[in-house]
Amino acid sequence: MGFKLYDSMSRVMCVSAAAGVLSSSVEQKIYVELNETVPCVRLLNATHQIGCQSSISGDTGVLHVLETESDLDWILSSGPHPPYMVIMETAFFNRSVMMRMKNSSRVAGVAVIVSKTGLADNFSPHTTCPNQNTGVYSASYGSDLANCNVTMWNPLGNGLSYEDFAFPVFALKDENQTQVIRKCYQDHNLRVNGSAPQYPLCAMQLFSHMHAATDTVTCMRRTDLQNRFSINPEVLCDPLSDFNVWTSTRPLNNSAKGHAANESVVIAATRLDGRSFFWEQAPSAEGTVSGIVTLLATIQALSPVTQEAPPPRNIFFSFFQGEAFDYIGSSKMVYDMERNDFVIDLNNVHSMLEIGQVGLRRGRSLWMHSDPVSRQNKSVDTESAAAGLNLTVDQPSVSQPLPPSSFQRFLRVRGIPGLVLADHNTSFNNRYYESLYDDAENLNVTYPPDLSPDEQLVYETDAAKSLAEVATLVARSLYIQAGGEKKNLNNITADPKIWFLHQHVSDCVRLLWFLGSGPPQFYIGLGPRIHGPVHSVTRFVQYILANLTGTVTNLTESQCQNPSEVNTENKDLFSYFWVSGPASVNNTGEPFCRSASVRLSKAVSPAFELLEYGSPNYSIIPQSRWKSIRARIFPMLTLGVGVAVLLLSLLVTYFISSKAELLFSSARETPATTY
C-alpha cells in the first residue's frame, strides 16, 4: 500500500514538474522581457497623489509607435484595436501630448525612448515656481514676492512631474531592446496604405502597481494602522530620506549639542539631490552637480590656507540632501538647530553663502542674490575675491526675491545675512531643469574624440575652467567673510582640473562601486529603510571630503573602526575612514586610516518625526511602495485563437491524465512480498 501511494505521488509530482518546466519554457518563447526600463512612480503630498501606476495585474495594449500627428489621431480616435501601448520618441514627450492621452480611455500606457533624437530646445517637467509653498515668502513674509509673483524662476516648467496618470509610463534606456520593439511593431502592427493591421499583433505589458493612494495623510495613517494591529504589516509608503554631509575648517564636537561656546560660523552650502519625471533618474548636471563640484573645489582651495592662516570664524560646509522635494535636508538641520539637537545653533551662524546653479554662465557674469525683505548682505567683498578672474559679480534688482534655495529655510526662523550665488539674474538658464536631459551635454562638457578615459580625467574642459573660477571666487569670499586677511587671497586658487578625482585615483577606484554603472543619479530615495545605510552619492561626497580635509593616521584597521579605544584619538571631533590610498601616502599602496571632521546628519522631513503628515511648514512627500516593476512584449492573438488554444490545452491535459498509468508505469511491476 505504501509503495503504491508513493508511486502515485511520484507520478503527480512528475506531471506537475513537467507542466512547470513546460510553462516556463512556453512563457520564455512567448514573452520578451525588457530589462533596461525605468518607471514613473507614485509620490504623495498633503492634498493628492502624483506620478503613475498600472492596474494590480499590469496593463496591456497593442503597440503603436508615435512618430507623427496622424499616429496620435490613430491612437486616440480611429485605431481599431484599443487600448494602445504608446511608444514615443523624445520629441513627443511633452505636456500637450501626455495630457491628451491622460484624458483618453484608449491608452493603456506609455513608453518613452530615452535618446537625444528630436530633443526639444527645452524640457522641464517641474513646475514654473519650484518649492513655492515651503520657502520663506508667504502671506506673513514678503507676501508680494510669494508664488513667484515677481520672478518666474522656471518659466519652461510644464508640471508633468506633478500630474497623476492612471496608466504606467516607462522610460526605455536600452537601444538594443528598443530596436526589438520597433521590429515587432514593424512586422505586425505597421499600417499598410492606411489599412488596419491584422492579428496576431505585437503587444506590450507594463507592471507598476502602486500600494499608496490619495494623499500623504491617508497613506501614513493606513501604514500606522498596519504597524499597530497587523501581525504582518504591509508598509504602503515611505518618507523620502537620506543624510546631509557636513564638515568645517575647525572640528566641532559632535557629542555636544546646542550652542557652541565661542564659535561663529560662516555656512557654505549647496544641494545634493535632483529629480526627473522617472524614478531615480536625476543626472542634474546644472541643477546639482555644478554646485557640488564647485563646493568641493572650494574646500580643496581653502584647505591649505585655513591650516596655515586660519581665519577667526569657522567655515561650515554643508551638502543638503532632498532639497528638490521642499527642502528636506535644510529643513531638518534648521529644525535640529532650533531644538538644540545639532553641533551648533542658529546663534552660532554669522552668515551664509549658498552655491546654486553655476554651470551655465552667459558671458562673465555671476549673480549674488539676496533677500529684499531682510537685505543683510554683511557686504561680502566680491571685488577683492574676483580680482584676476575672468568673471564679474553683479546683483539683481533690489526688489527681486531669492531664487529657490536652502537659505530660505534659515530665513524662515532667523534673519541671517546671506547670499545665493547663481549663473542667472532672473529665470534659470537651465532649459532642462529637473529632467533626464540635464546632463553633462547640457553643461557643454565635451572631450576630444581621441582621448582615453584616463586622459579625460586630466583634460581641462571649458566647463571645468569655468567652475574652477567660480570655486576660486567662492573660496576667497568665504575666507574674507570668515575674517581672513586679504593678503592671503592669492594663495587661494581652485584647481582648473575641476573633476579633480585624478588626484585621488586609488581612493576613488575603491569608491566607484558606490555609484554603480553609468553616471551617478541624484534622486534622494528612501534612505536606510530601503536602500542600505547611505545613498551612494552621499557616501561618495563624504569620502571625497575625507580625502580633501583629513589626516593620515597610523591606526590599524581595528583601531580605525573603534577609535574610542585609542587614547590619542578623539571620535567626538573626527570620523575615521579605512581606505585604500595612493602609494605616495605610505609608499606601499596598502590601506590606511584617515581621520577627518566629516559627518553625516539625518535628512528626513521633521513632519514625519512630529507625525504631522499634513503640515504646511515642512516637506510631506512620501514615495509609494510596490511589489513588481516589469515590462515585456508578446504577440497578441484574437479571441478565437485564444479559445482554441485553451481547448487544446484542456484536451492535452485530459489525455495525459487518462493515460497516466500507461505513460508513467514501470517496465515491470515489483511482486508484492508478504512477511
Side-chain angles (χ1 to χ4, degrees), residues 32-41 52 61 63-72 75 84-98 100-101 107 109-126 156-158 160-161 165 167-187 189-190 202 204 206 208 274-287 289 360 430-447 449 516-523 629-633:
V32 176
E33 296 290 336
L34 306 175
N35 299 320
E36 292 293 320
T37 60
V38 183
C40 156
V41 302
C52 322
L63 274 179
H64 196 91
V65 178
L66 176 57
E67 296 177 313
T68 64
E69 284 294 331
S70 64
D71 288 324
L72 188 58
I75 292 165
Y84 287 98
M85 197 64 71
V86 183
I87 311 298
M88 65 168 66
E89 292 279 6
T90 302
F92 284 92
F93 185 47
N94 55 56
R95 182 176 180 84
S96 174
V97 172
M98 289 298 293
R100 287 181 65 183
M101 290 193 289
V107 175
V110 174
V112 181
I113 299 172
V114 178
S115 72
K116 294 297 181 72
T117 303
L119 179 62
D121 289 338
N122 60 80
F123 178 76
S124 173
H126 209 286
L156 301 176
N158 59 38
L160 271 183
S161 291
F165 293 94
F167 51 74
V169 182
F170 277 53
L172 305 175
K173 300 180 66 178
D174 188 301
E175 179 63 26
N176 293 329
Q177 291 191 336
T178 300
Q179 293 303 319
V180 171
I181 294 172
R182 285 187 180 278
K183 187 175 189 314
C184 187
Y185 168 75
Q186 291 168 355
D187 290 347
N189 298 12
L190 193 63
C202 187
M204 174 179 277
L206 300 178
S208 63
R275 65 171 301 187
S276 77
F277 183 83
F278 297 101
W279 176 59
E280 289 196 331
Q281 298 301 295
S284 303
E286 160 73 342
V289 177
L360 291 174
N430 189 358
R431 297 174 295 123
Y432 301 105
Y433 181 73
E434 303 291 35
S435 82
L436 278 173
Y437 308 110
D438 183 13
D439 53 16
E441 188 173 326
N442 186 33
L443 284 183
N444 298 315
V445 178
T446 57
Y447 299 95
S517 60
Q521 303 297 328
F522 292 85
Y523 179 76
I629 298 291
R630 296 172 59 198
R632 59 188 185 180
I633 59 174

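Hydrogens, waters and symmetry mates are skipped; everything else that's a heavy atom, side chains included, is used.
- In this structure the side chain of S435 never reaches within 4.5 angstrom of the side chain of S124, judged on heavy atoms.
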Practice prompt. In sequence, state the C-alpha distance, the side-chain angles, and the governing distance for C52 and V41, and then conclude on side chain to side chain contact (heavy atoms under 4.5 Å, CB included).
Written response: CA-CA 5 Å; C52 322; V41 302; over 6 Å; no
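- In this structure, L156 and N122 approach most closely via the heavy-atom pair CD1-CB, 3.4 Å.
- When each of L172, V32, I113, D174 is tested with I181 by the rule side chain to side chain contact (heavy atoms under 4.5 Å, CB included), just one qualifies, namely L172.
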Practice prompt. Kindly indicate, with the supporting measurements, whether the criterion side chain to side chain donor-acceptor pair (under 3.5 Å) is fulfilled by N442 and N430.
Written response: CA-CA 8 Å; N442 186 33; N430 189 358; 3.1 Å; yes
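- A salt bridge links R182 to E89: one of the charged nitrogens lies within less than 4.0 Å of a carboxylate oxygen.
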Practice prompt. Please report the C-alpha distance between F278 and V169 in whole Å, then the side-chain angles of each, then the deciding distance to 0.1 Å, and finally whether the side chain to side chain contact (heavy atoms under 4.5 Å, CB included) criterion is met.
Written response: CA-CA 8 Å; F278 297 101; V169 182; 3.9 Å; yes
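- Here K173 contributes atom NZ and T37 contributes atom OG1; the two are 10.0 Å apart, rounded to the nearest 0.5 Å.
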Discussion item. Using the rule given for side chain to side chain contact (heavy atoms under 4.5 Å, CB included), can you reason through V107 versus V86, listing the C-alpha separation, both sets of side-chain angles and the distance that settles it, and then say yes or no?
Written reply: CA-CA 7 Å; V107 175; V86 183; 4.2 Å; yes
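- Side-chain N/O atoms of N158 and N94 include no donor and acceptor closer than 3.5 Å.
- S276 places no side-chain N or O within donor-acceptor distance of the main-chain N or O of A282, the cut-off being under 3.5 Å.
- Here the side chains of V180 and I633 are in contact, with some heavy-atom distance below 4.5 Å.
- M98 approaches F165 most closely through the heavy-atom pair O-CE2, 3.7 Å.
- When all heavy atoms of V289 and P283 are compared, the closest pair comes out as CG2-O, 3.6 Å.
- Checked against ring pair (Phe, Tyr, Trp, His ring centres under 6.0 Å), F522 has no partners two or more places apart in sequence or in another chain.
- With respect to the salt-bridge test (charged N to carboxylate O, under 4.0 angstrom), the residues R431 and E441 do not qualify.
- Between L206 and M204, the closest heavy-atom pair is CD2-SD, 3.7 Å.
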Worksheet item: After noting the C-alpha distance and the side-chain angles of D71 and T68, does the key distance pass the side chain to side chain donor-acceptor pair (under 3.5 Å) rule?
Response: CA-CA 5 Å; D71 288 324; T68 64; 3.2 Å; yes
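- The ring pair (Phe, Tyr, Trp, His ring centres under 6.0 Å) search around Y433 returns H126, F428, not counting sequence neighbours.
- Taking CG from L34 and CG from N176, the interatomic distance works out to 12.0 Å, rounded to the nearest 0.5 Å.
- Of all non-hydrogen atoms in D438 and E286, the two that sit nearest each other are OD1-N, 2.9 Å.
- Put simply, the residue from Y437, F170, F277 that forms a ring pair (Phe, Tyr, Trp, His ring centres under 6.0 Å) with F93 is F277.
- For N189 (side chain) and C202 (main-chain N/O), a donor-acceptor pair under 3.5 Å exists by modelled atom type.
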Item to complete: Give the C-alpha distance, both sets of side-chain angles, the deciding distance and a yes or no for side chain to side chain contact (heavy atoms under 4.5 Å, CB included) between F167 and V110.
Response: CA-CA 8 Å; F167 51 74; V110 174; 3.7 Å; yes
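- Note that the CD atom of Q521 and the CH2 atom of W279 stand 11.5 Å from one another [nearest 0.5 Å].
- A side-chain donor-acceptor contact under 3.5 Å links E434 to the backbone of R275.
- The nearest pair of heavy atoms linking Y84 to H64 is CD2-CB, 4.0 Å.
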